[in-house]
Asks: 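Before anything else, here's the structure in question.
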Amino acid sequence: MSDDMLLHFSSNSSNQSDQSSLPTKIAKLEARMVGKTSSAVTAPAQVQSTLWSAAVKFGSPSDSLPPESLVSSDDSEDENGGEFLIQANTQKRQKVEDSTLFEHVEAAADARQVIVESDSNKVGPDVNKKKHGRGRGSSASSRGRGYRVCDPTRMETVFSPSNGQLENSHKMQERVSNDHPGLDGHTSLEEVTSLRAKVAALEEELTKSREENSDHRNQRQQLEKELKDLKDYELQMKPKRMKIISDLLITISKAERQEARMKVRQDSLRLGNVGVVRAGTVISEAWEDGQAFKDLNTHLRNLLENKEAVERQRKLLKKRQSDKGEGSDTEAVHDDVLFLDEVYKSRLASIKREEETVMRDRDRYELEKGRLIREMKRIRDEDGSRFNNFQILNHRYALLNLLGKGGFSEVYKAFDLVEHRYVACKLHGLHAQWSEDKKQSYIRHAIREYNIHKTLVHPHIVRLWDIFEIDPNTFCTVLEYCSGKDLDIVLKATPVLPEKEARIIIVQIFQGLVYLNKRSQKIIHYDLKPGNVLFDELGFAKVTDFGLSKIVEDDVGSQGMELTSQGAGTYWYLPPECFELNKTPLISSKVDVWSVGILFYQMLFGRRPFGHDQSQEKILREDTIIKARKVDFPSRPSVSNEAKDFIRRCLTYSQAERPDVLTVAQDPYLSYTKK
Ligand SMILES: Nc1ncnc2c1ncn2[C@@H]1O[C@H](COP(=O)(O)OP(=O)(O)OP(=O)(O)O)[C@@H](O)[C@H]1O
């Protein structure tokens, strides 16, 4: 809005001030219209142009007269139309005059509002928010009126900030009153008074907002300082907190170690221990059975003696009967013999039942003995380990107790003090006496394994979190911790699993394998065996150990990739093609299919189908797997025909005919969908 606005307004209102002559003018115009003189169009056109100009300047589009309507009225050749035009224009003019007057007062008020707002815009974000709320209300009302767009830049040209905007708004108001006598009325004075009150209230609010703003700034500074102090404190406390957590974990682990050793001592008394045996000058270790085994053996011996005694008596009875011959009182003798024989038979049956119970107990003790021997070995390995004193590795992994020792590594349960979770730290040690070449080859192998494993993220594959060097001869890989033991330990405790349980394990392994085979770079695990299937606390099966894994390159033909590391792996679980000696074998994901078939068989029948009782060396020497053309199933335990057929498919001798991982994954036997 500018001075133009006032100018237009005053020109318009001067027309209006000439109201006394208006009826005369109208009469004249009507007379001309009746005579249809050319001037009949001119006079209303002037009125219209003034009105239009005023309307454009002040009226909202909806209230104002659009030029077309004026023109079309002008263009009308109809007599009555001409008369109507004059009346209509007169009414319209009156309307515009009224509205411009009203609009003008409001324009002044809004102008002040804008000034206050533009001032408050400089106050700060919080105040702005408040003002925006109000601003939106104001602009909405402007929209209703149409033309009064709250444009601070336009307003500033009228209300120069040189002497203070609010002062200017007062002046503006005065100018509006002076320029337009129509505003001197009672209503406009009231309006002005109310506007002044509004301005005063807004000024007060502005002052308050400024104060609030300054308070907020102070508060913010205070909070920033507090945050910084907290961060400093956190930084200072972090090592202390780590220390407290690791101390607590160490206390728990020490208690666990003590408990484990105590249990081993107690179990040793019951089940046996490793004793030192001297044979001349040679000292060796040998297992000595504990009291439970001794008692069991005594019981068995007694039962055997008892059985022999009863059988002896039975034989004598039969002999006596035959010695007495035909001449005796046959009927009475016969009854007596029958009676005694029945007593002996009954006793023998009872001895047999007792023997069976004792044998079952012995099997249970044997399993406990196996667990005890493993635990003894673990404790011995833990005691002999150089990592057994609760070190914190890489400033974050608190080593706790040894989980087990593999061929070249020790696996410790550990706590990640940064991520606050249990992990398994696998410590790979290079033997000091190894040649440099062997060390380098081992490191290359481990890095390769790490590079394969680190990219694998799947619920049925153990996660690899980290790798770091401990010293030139030792490095550590950090794995997802699986608290539920591995399948090897499970099968040693319970050699035969129910089909349902075995099947769900196989399904999970296949889900992991499908993931490996759907990646852009397919992976053959190549070392699937019970020890490489771990369970988490919820019982989810997870595949681990990618030390022998192969990445299938893109350019590999349909037959598979060349097996360059022949001889590695665990022979019970490898398919016939891996033992091919005449040429370099070609392998594919079908290797893993065979291995899972063996695993499934072992879970169901408690033994491996090929070379179960043979050593690795004997399997190789006797070509056990090369001869493994057909799989046989024991009659017990009973297993479904579907399971047997599935195993047959996995153990298809011919590599070409054996299904690959993705095909087996579709096998109906593995499907859990409702039929
Ligand atoms: N991520 C893990 N979570 C829990 N326990 C684990 C984890 N990884 C390995 N273990 C346990 O640590 C022990 C040693 O594992 P490792 O893989 O070194 O031995 P292995 O498989 O017996 O030997 P190798 O790999 O040399 O054949 C095993 O008892 C295994 O169950």
Side-chain angles (χ1 to χ4, degrees), residues 253 256 260 370-382 384-385 387-388 393 397-416 419 421-431 434 438 441-442 445-446 448-450 452-454 456-467 470 474-493 505 508-509 512 525-549 565 567-574 595 599 615-616:
S253 302
E256 282 172 358
R371 257 202 309 270
L372 173 66
I373 292 172
R374 263 199 317 281
E375 182 63 354
M376 283 174 159
K377 182 180 172 303
R378 189 194 68 78
I379 288 173
R380 191 194 284 192
D381 289 338
E382 188 174 74
S385 165
F387 295 102
N388 67 6
L393 300 180
Y397 302 110
L399 289 189
L400 305 172
N401 294 332
L402 183 77
L403 290 168
K405 192 173 173 176
F408 303 100
S409 58
E410 291 175 355
V411 181
Y412 269 86
K413 181 177 176 179
F415 191 79
D416 182 348
E419 292 289 338
R421 64 183 169 207
Y422 283 106
V423 293
C425 280
K426 193 165 182 170
L427 302 151
H428 307 253
L430 311 179
H431 291 264
W434 282 359
K438 188 166 178 181
S441 143
Y442 186 83
H445 187 81
R448 200 182 138 276
E449 175 182 356
Y450 169 71
I452 294 176
H453 198 165
K454 74 174 176 192
L456 306 177
V457 182
H458 189 271
H460 296 297
I461 290 177
V462 172
R463 280 296 300 273
L464 175 63
W465 302 119
D466 200 1
I467 186 168
I470 295 171
T474 325
F475 66 95
C476 174
T477 45
V478 181
L479 298 153
E480 174 186 355
Y481 174 61
C482 298
S483 63
K485 310 215 162 39
D486 60 50
L487 185 58
D488 186 45
I489 294 176
V490 171
L491 290 179
K492 276 183 177 132
I505 293 171
Q508 294 175 79
I509 295 173
H525 185 282
Y526 200 83
D527 198 15
L528 286 172
K529 58 181 181 178
N532 287 338
V533 178
L534 307 182
F535 296 96
D536 70 7
E537 59 189 354
L538 297 175
F540 282 93
K542 289 163 187 270
V543 173
T544 191
D545 199 344
F546 288 80
L548 296 179
S549 296
S565 60
T570 313
Y571 301 157
W572 292 294
Y573 301 92
L574 286 177
S595 306
L599 266 178
S615 66
Q616 297 280 282

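Both ligands and their constituent atoms are indexed starting at 1 by order of listing. Not measured: the values here are computed from a predicted model.
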Asks: Verify whether the ring centers belonging to Phe540 and Phe535 lie closer than 6.0 Å.
Replies: no

Asks: For Glu375, what residues pass the side chain to side chain donor-acceptor pair (under 3.5 Å) criterion, not counting sequence neighbours?
Replies: Arg378

Asks: Taking ring pair (Phe, Tyr, Trp, His ring centres under 6.0 Å) as the definition, give me every residue that meets it alongside Phe546, ordered by chain and number, with sequence neighbours left out.
Replies: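 Testing Phe546 for ring pair (Phe, Tyr, Trp, His ring centres under 6.0 Å), a comparison that skips the adjacent residues, returns His453, His525.
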
Asks: Which protein N or O atoms sit under 3.5 Å from any N or O of ligand 1? Give each pair with its distance.
Replies:
| unit_1 | atom_1 | unit_2 | atom_2 | d |
| --- | --- | --- | --- | --- |
| ligand 1 | 1 (N) | Glu480 | O | 2.8 |
| ligand 1 | 3 (N) | Cys482 | N | 3.0 |
| ligand 1 | 17 (O) | Lys426 | NZ | 3.2 |
| ligand 1 | 18 (O) | Ser409 | OG | 3.0 |
| ligand 1 | 25 (O) | Asp545 | OD2 | 3.2 |
| ligand 1 | 26 (O) | Gly407 | N | 2.7 |
| ligand 1 | 31 (O) | Asp486 | OD2 | 2.7 |

Asks: Crowded around Arg380 CZ? As in, over 12 foreign heavy atoms under 6.0 Å?
Replies: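 No, not enclosed.
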
Asks: Listed by chain and number, what are the ring pair (Phe, Tyr, Trp, His ring centres under 6.0 Å) partners of His458, not counting sequence neighbours?
Replies: His460, Tyr515

Asks: Is there a donor-acceptor contact under 3.5 Å linking the side chains of Tyr481 and Asp536?
Replies: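 Per modelled atom types, Tyr481 and Asp536 side chains form no pair under 3.5 Å.
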
